[in-house]
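When reading the values below, keep in mind they use all heavy atoms of this one structure, side chains included, and skip hydrogens, waters and symmetry mates. Residue indices begin at 1 and follow the sequence shown. We count ligands from 1, going down the list as the structure has it; atoms in each ligand are counted the same way.
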Amino acid sequence: MAAEWGYSPTNGPDVWARLFPQAGGARQSPVDICTSIASSDSNLEMKKLTFAYESQSDLRILNTGHGWKVEAPQSGSRLEGGPLGEDIYQLEQFHCHWGETSAEGSEHTVDGRAYAGELHLVHWNTTKYQSFAEAAQHPDGLAVLGVFFDVGNESNDEIEKIVSTLSEIKFKGQFTDIPDVIDPTTFLPSGLGYWTYLGSLTTPPCNECVIWIVYKEPITVTEEQLVQFRCLSACSGEAEEFIVKNYRPPQPLGNRALRECNA
Ligand SMILES: NS(=O)(=O)c1c(F)c(F)c(-n2cc(CC3CCCCC3)nn2)c(F)c1F
Ligand SMILES: [Zn+2]
């Protein structure tokens, strides 16, 4: 397998486990969310999931070669409650997954249906661990909020702040600062119902360290905004290999519990 993992037949999800053994584990993400087996859990209703983010400007966005990633270490942010027990999780970064067309692109699917993309807000457990890298080695180390993208006519203003920087980070390894103020709260849908289950990073090394919280209600972006995502290059040089898809297909849920909260 090519040294660098990716999403092509020769280095994609089907062969990740050769280099990254955890990718073949029993607690992998994403999964297909089968709504008929999701169980309502009164505990989730009682311990409301709460989040508090700061608005930040000059956040760094980089082209990872697999997509864009905004580094947003927010010591003042807090995600807690719901499935997170008594621990507090802090925002570390957010990024997104998409597909070649808007008929695909999300990582999680709902009753077999894919959305046009999926935003991930990645948090780590600051109650128990001293760093993101340490937290990523533990089963309750990370909490990721997943938000589906639906395509509509209305441009998403917060996503547009990301799109407006992409021409500056066309190639892998490039980064720039986002001049606009970003408030992560604005990425969340108005309806706060969600599904939750225990899973993993959806990219190598696929550590089984994520408490997943996937919102039921999608947010809207435009086709043009997704077209701009697909113009990023996976290469650092002149060669142009566009990042047209960067989603892992659903993995077996196995005997994991899938719970839901209709906030
Ligand atoms: N799609 S996802 O599951 O939301 C998702 C994530 F949650 C991530 F945290 C990462 N991630 C990977 C690393 C390197 C770490 C380096 C230290 C050891 C763990 C990996 N940094 N962030 C990631 F790439 C990703 F895709
Ligand atoms: Zn992701």
Side-chain angles (χ1 to χ4, degrees), residues 4-7 11-13 16 19-23 25 27-31 33 51 59-74 77 79 83-84 89-99 104-109 114-126 128-149 159 162 172-173 175 184 187-188 194-215 218-219 221 226 229 232 234 243 245-251 253 256:
E4 179 57 32
W5 61 271
Y7 293 89
N11 68 4
W16 285 353
L19 278 185
F20 305 97
Q22 293 190 84
R27 183 189 146 162
Q28 289 293 293
S29 294
V31 297
I33 294 168
F51 45 81
L59 289 176
R60 172 165 291 183
I61 183 170
L62 70 146
N63 178 337
T64 62
H66 307 298
W68 56 261
K69 173 170 85 165
V70 175
E71 295 171 344
Q74 276 203 10
S77 60
L79 178 68
L84 303 179
Y89 289 70
Q90 174 183 302
L91 182 64
E92 175 71 13
Q93 53 109 321
F94 56 90
H95 62 273
C96 180
H97 302 265
W98 59 86
E104 58 183 43
S106 62
E107 298 211 295
H108 292 89
T109 53
Y115 285 85
E118 189 171 331
L119 175 73
H120 290 157
L121 295 151
V122 181
H123 307 70
W124 62 279
N125 187 331
T126 54
K128 286 186 177 172
Y129 309 115
Q130 304 306 311
S131 71
F132 172 84
E134 180 196 356
Q137 311 309 321
H138 299 275
D140 58 356
L142 303 189
V144 181
L145 299 182
V147 185
F148 291 123
F149 288 158
I159 293 291
I162 305 284
K172 178 181 177 182
F175 57 85
F187 288 126
L188 301 181
Y194 61 84
W195 293 287
T196 183
Y197 74 99
L198 299 180
S200 73
L201 303 182
T202 66
T203 68
C206 298
N207 298 31
E208 297 186 328
C209 63
V210 180
I211 298 171
W212 275 97
I213 296 166
V214 180
Y215 283 105
I219 61 172
V221 301
L226 292 172
F229 289 2
L232 287 177
I243 305 173
K245 69 179 281 191
N246 59 2
Y247 66 89
R248 186 187 194 184
Q251 304 299 305
L253 181 67
R256 288 179 279 176

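- The shortest side-chain heavy-atom distance between V221 and L226 falls under the 4.5 Å cut-off.
- Given atom 15 (C) of ligand 1, the protein heavy atom at minimum distance is F132 CE2, 4.1 Å.
- The protein non-hydrogen atom at the shortest distance from atom 5 (C) of ligand 1 is H95 CE1, 3.7 Å.
- Atom 18 (C) of ligand 1 is flagged as protein-proximal [any protein heavy atom, distance under 4.0 Å].
- To the nearest 10 degrees, the Zn ion (ligand 2) sees NE2 of H95 and ND1 of H120 at an angle of 120°.
- Between W5 and H66, the ring-plane angle classifies as parallel under the 30° and 60° cut-offs.
- For the ligand labelled ligand 1, residue L201 lies inside the 4.0 Å heavy-atom shell.
- The distance from ligand 1 to the heavy atoms of Q137 drops below 4.0 Å at these ligand atoms: 18 (C).
- Under 4.0 Å from ligand 1, the heavy atoms of V144 that appear belong solely to its side chain.
- One side chain, R248 or Q28, offers a donor N or O that lies under 3.5 Å from an acceptor on the other.
- Checking only distances, W212 never comes within under 3.5 Å of ligand 1, N or O to N or O.
- Using cut-offs of 30° and 60° on the angle between ring planes, the pair Y115 and F148 is parallel.
- Counting protein heavy atoms only, atom 1 (N) of ligand 1 is closest to T202 OG1, 2.7 Å.
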Task: Evaluation steps, side-chain hydrogen bond (donor to acceptor under 3.5 Å, both in side chains), between T196 and W212 - done: CA-CA 5 Å; T196 183; W212 275 97; over 6 Å; no
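- Using cut-offs of 30° and 60° for the angle between ring planes, the F94 and W68 rings count as perpendicular.
- Atoms of ligand 1 found under 4.0 Å from any heavy atom of T203 (numbered from 1 in listed order, with element): 23 (C), 24 (F), 25 (C), 26 (F).
- Using a 4.0 angstrom heavy-atom cutoff, Q93 counts as in contact with ligand 1.
- Side-chain contact check for L121 versus H95: every heavy-atom pair is 4.5 Å or farther apart.
- The ligand atoms of ligand 1 that sit less than 4.0 angstrom from a heavy atom of H97 are 1 (N).
- At a 3.5 angstrom cut-off on N or O pairs, H120 counts as close to ligand 1.
- Looking at heavy atoms from C-beta onward, F132 lies in side-chain contact with L142 at the 4.5 angstrom threshold.
- If you number the atoms of ligand 1 from 1 as listed, the ones under 4.0 Å from a heavy atom of A136 come out as 19 (C).
- Nearest heavy-atom pair across Q22 and C206 is CB-O, 3.6 Å.
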